[in-house]
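Heavy-atom basis, side chains included; hydrogens, waters and symmetry copies ignored. We count ligands from 1, going down the list as the structure has it; atoms in each ligand are counted the same way.
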Amino acid sequence: MTTSSSPGKIILFGEHAVVYGQPAIAVPVTQVNATCTVHTAAHRGVILSAPDFGQRFWFSETDRRNPLAAAVYAFQDQLEDPTLLHNLTITVTSTIPVASGLGSGAAIAACIIRALARHLGRADLATDTAVSAMTYEVERIHHGTPSGIDNTVVSYERPVYFVRDLAVSDPATHQRALDVGLALYPSALETFHVHTPLQILIANTGISAPTKESVGDVRRQWLETPAPFNQLFAACGAIAQEARKAIEQGQSGRLGELMWDNHEQLRQMTVSSAALDTLVEAARQAGALGAKLSGGGRGGNMIALVQPETETAVRKALLAAGAVSVIKTTLTST
Ligand code: PMV
């Protein structure tokens, strides 16, 4: 029996702009995770089971549209002999809320891939780089044009400063790259030092919002009016760069200001929502250093940077303003 777990994640700065080659910062959230257990079984084929999602099926009878099967296919694609996958039961459980910006899909794929690689003695396919690349292939099926940040942070399990390798800046060229299915990955990836631990509350609006739709809407607007959107993306990138410095130098107050600013930019991209704005405003009123939506937006989660003396008040304010749950994560250097 082999077990592997992958954490959830939040994007601290730079979502959406990261799709267009700007830097973004994401960190793992270990308070929630996905776990995969692989057993050698008496049956000949491969059974996939996810009791939390009410799923149990034969791998051989399922195609890549099923997210669990897609992870197994991504792994199988790397095997010289695909018939090596047999006599297995693969069980997945997860505490990561789905479609809420916490990286549930990527974490589930990453833990399946790593557990399979370890169970079959393929250390070369269990490395962070290999797991991230295979998880990216799964993300591509479900998200269309993912930047690669989700698979990276859940596979490497550490804070990342991430820049997608995108050598194209004009919409026509970008569109041509997408049309031919060009994989715009791997990308530049750096980890960074966290000077002073950061306390972050993650509040869920309870509204599930597919990332694919908000990413598609931003792309449509960008294609219609590239100049203002390119400016907005560049401004988000500048904020992510400055935020990294603020995290490295322990300037929490400045970091908070950058969160308000980044939220405003995301509003201008039309990816916020009334529920997200209400929670961000509640965090402001209750004394948070900063707050913003996190991930694809339109629903899902927002994050608030708090201090020990404001944590309780901000948590209460978020719940009173309609959050269905609030969890806390502490960002430290790994
Ligand atoms: O909704 P999430 O947490 O999967 O985040 C998506 C982040 C985007 O920048 C909006 C898209 C991407 O592929 O990077």
Determine, for [X] against [Y], whether the closest basic-nitrogen to carboxylate-oxygen distance falls under 4.0 angstrom.
| X | Y | value |
| --- | --- | --- |
| Lys245 | Glu248 | no |
| Lys328 | Glu311 | yes |
| Lys292 | Glu264 | no |

With hydrogens left out, which residues have an atom under 4.0 Å from ligand 1, given that only heavy atoms count?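 Shell around ligand 1 (4.0 Å, heavy atoms): Lys9, Ile11, Glu15, His16, Val18, Val19, Gly101, Pro146, Ser147, Ile149, Asp150, Thr211, Val215, Gly295, Gly296.
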
Test of ring centre spacing under 6.0 Å for Tyr161 and Phe192: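 Tyr161 vs Phe192: aromatic centres not under 6.0 Å.
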
I need the Thr95 OG1 to Gln31 CD distance, nearest 0.5 Å.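 Answer for the OG1-CD pair, Thr95 versus Gln31, is 9.5 Å.
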
Sole candidate of Val218, Asn262, Thr211 that passes side-chain contact (heavy atoms from CB on, under 4.5 Å) when paired with Glu15: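 Only one option passes, and that is Asn262.
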
